[in-house]
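Report on the structure given below.
Starting from 1, each residue takes its place in the sequence as its number. Whatever order the structure lists ligands and atoms in, that order sets their numbers, starting from 1.
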Amino acid sequence: MINKMPFALCIHGGAGVITPENLSQKDKKIIKNDLILALNAGEKILAEGGSAVDAVAAAVVALENSIHFNAGKGAVYSREGKHLLEASIMNGATLEAGAVANSMKIKNPVLFAKSLLENKDLIMISGEAADNLAEQTNHELVENDYFDTDFRKEQFLEAKKISETTSFLDHTNLKMGTVGAVALDRNGNIAAATSTGGMTNKLDGRIGDSAIIGAGTYANNKTCGVSCTGVGEYFIRATVSSMVSNLMEFGKMSLAQAAEITIKGHLTQLGGEGGLIAIDKHGNINFSYNSQGMYRGFINEKKNEKKVFIWDDEEL
Ligand code: ASP
């Protein structure tokens with residue numbers, strides 16, 4: 001196979017009120033380590049000429065398996081004290097997509113979503129039906145308490161104190177931790193994937209942007225791939241991920257212009273908070289966010305760069 005172009009990969013581990021005051025040096029180190037492991041997992045596939053779809057899934061699996069992010073193990077608790085998981089993935093070469101919402105048992109929701117990419121009958125499935133289909137198609141299932149962690153339990157109890165009677169949307173100052181990845185492979189194919197436990201104390205049954213193609217995840221070889229993190233209700237209303245692609249395709253904008261307008265203009269005007277990671281068909285990488293921080297990292301093979309960040313100016 002002729003390697004036509006250098007690959008690129010970017011990942012995120014959530015946005016939110018991540019300030020120097022609420023993140024210890026020890027936690028920073030741990031987060032950095034896990035972000036690098038996720039980059040390595042995707043890099044291995046891309047460097048060997050593998051597909052963008054396989055690379056984003058591998059990077060997201062690494063983050064789902066870390067207890068430090070709100071996806072897979074370490075997912076937040078719903079109002080009834082459960083973990084209800086969501087993930088989506090899109091192949092920019094074919095525009096095929098797969099998504100799952102409100103799963104209670106699938107160990108790695110992104111792998112299940114990936115298995116739906118070629119399913120002609122459905123793109124998105126939720127709840128018990130998703131868990132049943134995952135079982136029938138030999139995905140690894142776990143009991144819901146597999147996803148338990150002390151940190152998320154404390155966060156849940158804290159959130160309950162604040163908002164027993166009000167919406168979970170009123171306390172977005174809690175650290176989030178949704179994960180995602182976008183890749184451009186050596187054949188010029190783009191893919192994006194996102195995975196989450198949603199919002200702490202969310203109403204059981206609520207579905208956020210991370211499960212929705214065009215809101216939290218989008219990929220199109222003609223333009224770019226995008227994965228989002230933030231308060232999902234706003235990302236759904238702002239159709240964030242597809243808007244970036246549409247501004248590029250139909251508005252003839254660069255990735256940087258389209259991402260900036262979508263996050264700093266459209267999303268911010270609606271009152272939404274969070275950010276996105278994106279890669280265009282030329283390998284340009286973009287991180288746009290209006291929150292205080294966003295855990296993120298990238299590999300740019302062309303420039304021989306591999307970095308992880310939290311704030312604009314601080315590399316981990
Ligand atoms: N977007 C996720 C949701 O609303 C949360 C997050 O990104 O932290 O479910």
Side-chain angles (χ1 to χ4, degrees), residues 10-18 22 31 35 60 63-64 66 68-72 74-79 82-89 99-104 109-110 113 124 126-127 147 149 151-152 155-156 159 163 167-182 192-218 226-244 262-263 267 270-278 287-296 310:
C10 61
I11 57 169
H12 70 80
V17 184
I18 308 163
N22 69 13
I31 298 278
L35 289 173
V60 169
L63 296 167
E64 285 179 341
S66 160
H68 302 290
F69 300 97
N70 171 21
V76 299
Y77 290 78
S78 69
R79 197 163 289 192
K82 296 181 202 135
H83 306 284
L84 298 166
L85 309 171
E86 304 189 339
S88 59
I89 187 165
V100 56
N102 285 314
S103 164
M104 286 185 54
V110 75
M124 186 178 190
S126 74
F147 303 106
T149 53
F151 168 65
R152 295 295 177 192
Q155 201 180 44
F156 170 56
S163 69
S167 159
F168 67 88
L169 293 176
D170 291 347
H171 52 86
T172 53
N173 62 337
L174 293 168
K175 276 190 237 168
M176 299 185 212
T178 289
V179 308
V182 181
T194 311
S195 181
T196 191
M199 303 290 293
T200 298
N201 205 25
K202 67 184 179 181
L203 280 179
D204 293 62
R206 174 259 190 191
I207 297 175
D209 63 311
S210 311
I212 299 179
I213 296 300
T217 304
Y218 194 76
V226 182
S227 170
C228 301
T229 176
V231 181
E233 281 61 21
Y234 295 98
F235 281 73
I236 295 170
R237 290 165 63 209
T239 60
V240 170
S241 59
S242 56
M243 181 164 170
V244 176
T262 302
I263 295 294
L267 180 77
L270 271 180
E273 192 187 338
L276 62 80
I277 62 170
F287 300 107
S288 291
Y289 56 97
N290 66 3
S291 49
Q292 273 167 299
M294 180 162 80
Y295 296 126
R296 62 200 190 279
I310 309 178

Is there at least one pair of N or O atoms, one from [X] and one from ligand 1, spaced under 3.5 Å apart?
| X | answer |
| --- | --- |
| Val231 | no |
| Arg206 | yes |
| Thr178 | yes |

Fill in: Donor + acceptor pair across side chains of Ser78, Asp204 (<3.5 Å)
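Checked: Ser78/Asp204 side chains pair up, N/O donor to acceptor below 3.5 Å.
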
Worksheet item: Can you tell me how far CE of Met294 sits from SG of Cys228, rounded to the nearest 0.5 angstrom?
Response: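 Rounded to the nearest 0.5 Å, the SG-CE separation comes to 9.0 Å.
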
Practice prompt. Supply the atom-to-atom distance Leu84 CG to Phe147 CZ, rounded to the nearest 0.5 angstrom.
Written response: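 With rounding to 0.5 Å, CG (Leu84) is 10.0 Å from CZ (Phe147).
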
Within ligand 1, which atoms have a heavy atom of [X] less than 4.0 Å away?
| X | answer |
| --- | --- |
| Thr229 | 6 (C), 7 (O), 8 (O) |
| Asp209 | 1 (N), 2 (C), 3 (C), 4 (O) |
| Gly232 | 3 (C), 4 (O) |
| Gly230 | 1 (N), 2 (C), 3 (C), 4 (O), 5 (C), 6 (C), 7 (O) |
| Gly198 | 9 (O) |
| Ser210 | 1 (N), 2 (C) |

Practice prompt. Determine, stepwise, if the pair Tyr295 / His12 fulfils ring pair (Phe, Tyr, Trp, His ring centres under 6.0 Å).
Written response: CA-CA 5 Å; Tyr295 296 126; His12 70 80; over 10 Å; no

Worksheet entry | Phe287: partners by ring-ring contact (aromatic ring centres under 6.0 Å, His included), with sequence neighbours left out |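 ring-ring contact (aromatic ring centres under 6.0 Å, His included) check on Phe287 returns nothing, list empty.
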
Item to complete: With heavy atoms under 4.0 Å as the rule, classify the contact between Glu273 and ligand 1 as side chain, backbone, both or neither.
Response: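 Looking at Glu273 and ligand 1, no heavy atom falls under 4.0 Å.
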
Item to complete: Please report the shortest heavy-atom distance between Leu267 and Gly274, naming the atom on each side.
Response: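 Closest heavy-atom pair between Leu267 and Gly274: CD2-N, 4.4 Å.
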
